[in-house]
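Start at 1 and go down the list; that is how both ligands and their atoms are numbered.
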Amino acid sequence: MSKQLNEEVQKLFSGFSKLNKKERYQKLVEMGALDSSDVEYLQKKEPVSFDLAEKFIENVIGYFHMPMGVVTNFIIDEKPYVIPMAVEETSIIAAASKTAKWVKENGYIKTEVIGQEIIGQIQIPKVKNYEFLSAKLAENKQNLIDQANVEVAAGLVRRGGGVTDIKLRPIERPDGGMMAVIHVMANTCEAMGANIINQVTEFLKPIIQQMTGEELGMCILSNLVDTKVTRATVVLKNINTELGKSIEEGSLFSQIDPYRAATNNKGVLNGIDPILIATGNDWRAVEAGIHAYASRTGQYTSITKWTYNEDTSELTGVFEAPIVVGTVGGVTKLHPTAQLSLKMMGIESSNELSQVCAAVGLVQNLGAIKALTTVGIIEGHMKLHIQNLTLGAGAEEREIPIVQKKLEEILKLKKRISLSHAIEVLKELRSSHKVTTQHNEVR
Ligand code: MEV
């Protein structure tokens, strides 16, 4: 990345977390991430209508409001990003922004998507004649692909995608018989592709059934999209040996122990899920795909890997897993906040969105491992958590700074803090001030 771009981004993001709400909006408008109508929208009491919710789901009773913030300091593939995150966990945005600053000042992030096809499955529960089935499918493969592309996926074909391949996999049944699965491969362009691939498989089912004489079962996409994998790489230079080695060791732990891998991957998803939510993407699908990919060798492992090179003093991290997202269709298209989020990031393709998610997940992971292998998790987490505890205890506006200060002192002294500390501090404060109105009762 050029020195000039780095300095420009540095200037744009500097001091962002210290700004008040109005200044934050101003800064984002200055950056070109928002315009005045976006700011107006974000400040509305009820930005999204009840009617829209009725279009998404049944039995609507309202909305669940989740905080949305922006992550700063990210430069991915030499492009600076303002990244929206819809998330409730206190330290996620702060940790991602802080770690991204470290990366920006000492290295770079590059990303890529490997492969472009998603998978639709058609099950054949009890295969009668595998050889005949296999031969028939091979003989008619192109014909089946063409029919699906004309009858169901014509729109995709017009946009440069469509059904590309049909494969057969045998699976041994527990009763000794044979199951088989037909994998229908498709490039779904800017769509996540669930609807279209499900339609394609259901369209092909009766045709294949008639052609092969087999009894076909369920038709559904697979979330284990190992045919379209997103990779992010972070390289940090001039890392001292002690820190580099401890991060490598922390990462090794998650590569060889599934108990640690689960927590490591949860931390990676801390960086990914909030972007998926902000952009109206199906985070359950991505979660399922990532966890299945993490188990592909038979043992659940880490989806990130950090290595340190003592000779060059370089720390390198790699994230690799499927993150199949869409930038058109569904909630992404209909929800105004999802549209705003995509615009804020300047996202031009579904692959680009997937690459941003991978980069943020990897940097979030770096922040967590760095904290865990140095000062520990309590310090960063708890300082921010104090705010929540203070509010949770029922502190009022004028009491908040006093309670927070006292809790920080307790944290320093005891290295831990809980809601009961906050309640105790607030009780003491009130009794010393003899404030006993019903209104500010300690919860
Ligand atoms: C907490 O939300 C996430 C971490 O547990 C991740 C990790 O342990 O790597 C801190």
Side-chain angles (χ1 to χ4, degrees), residues 17 66-71 73-74 83-103 109 232-234 236 239 243-278 283-284 286-288 290-291 293-295 299-308 315-321 323 357-389 392 411 415-419:
S17 62
M66 177 95 94
M68 184 161 107
V70 292
V71 179
N73 298 317
F74 268 89
I83 303 169
M85 275 190 162
V87 68
E88 87 302 339
E89 193 175 322
T90 318
S91 56
I92 288 178
I93 290 186
S97 300
K98 187 174 160 202
T99 315
K101 185 163 184 273
W102 186 44
V103 173
I109 309 172
T233 307
V234 165
L236 280 158
I239 300 300
L243 179 63
K245 279 188 160 176
S246 60
I247 291 176
E248 181 175 89
E249 198 56 39
S251 173
L252 181 65
F253 182 14
S254 65
Q255 289 158 45
I256 58 179
D257 176 25
Y259 289 89
R260 171 60 201 150
T263 324
N264 178 85
N265 294 348
K266 188 275 180 184
V268 177
L269 285 156
N270 274 349
I272 297 177
D273 282 352
I275 308 173
L276 299 175
I277 296 171
W283 72 94
R284 287 91 53 211
V286 173
E287 288 256 358
I290 285 182
H291 293 302
Y293 192 74
S295 315
Q299 173 169 319
Y300 187 82
T301 184
S302 159
I303 46 166
T304 55
K305 184 175 180 178
W306 291 92
T307 47
Y308 181 66
L315 177 68
T316 304
V318 179
F319 164 99
E320 195 194 282
I323 304 179
C357 289
V360 178
L362 182 60
V363 169
Q364 193 90 51
N365 176 236
L366 174 62
I369 304 181
K370 186 178 177 227
L372 290 167
T373 55
T374 53
V375 291
I377 204 66
I378 304 297
E379 194 174 291
H381 257 63
M382 281 314 200
K383 269 188 192 153
L384 288 159
H385 195 48
I386 280 176
Q387 285 172 24
N388 287 353
L389 295 178
L411 175 64
K415 301 271 173 240
R416 59 182 190 86
I417 200 92
S418 69
L419 184 63

Under 4.5 Å between any side-chain heavy atoms of W306 and L366, yes or no? yes

Counting heavy atoms under 4.0 Å, the part of N365 that contacts ligand 1 is neither

Output all residues satisfying salt bridge (Lys or Arg N to Asp or Glu O under 4.0 Å) with E320, sequence neighbours left out; order by chain, then residue number. R231

Atoms in ligand 1 flagged as close to T263, the criterion being non-hydrogen separation under 4.0 Å: 5 (O), 6 (C), 7 (C), 8 (O), 9 (O)

Classify the contact between N270 and ligand 1 as side chain, backbone, both or neither, using a heavy-atom distance cut-off of under 4.0 Å. side chain

What atoms of ligand 1 come within less than 4.0 Å of a heavy atom belonging to L372? 7 (C), 8 (O), 9 (O)

Does this structure show an ion pair linking E89 with K266, if we count only N-O contacts that are shorter than 4.0 Å? yes

Ligand 1 N/O within reach of N264 N/O, cut-off under 3.5 Å: no

Is it the side chain (CB and beyond), the backbone, both or neither of R260 that lies under 4.0 Å from ligand 1, heavy atoms counted? side chain

Is any side-chain heavy atom of V87 closer than 4.5 Å to a side-chain heavy atom of I277? no

Out of all atoms in ligand 1, which are within 4.0 Å of some heavy atom of E89? Include the element for each. 1 (C), 2 (O)

Is the shortest side-chain heavy-atom distance between I109 and T233 below 4.5 Å? no

Report, in ascending order of atom number, the atoms of ligand 1 lying under 4.0 Å from any heavy atom of K266. 1 (C), 2 (O)

Kindly indicate, with the supporting measurements, whether the criterion side chain to side chain contact (heavy atoms under 4.5 Å, CB included) is fulfilled by S254 and T301. CA-CA 7 Å; S254 65; T301 184; over 6 Å; no

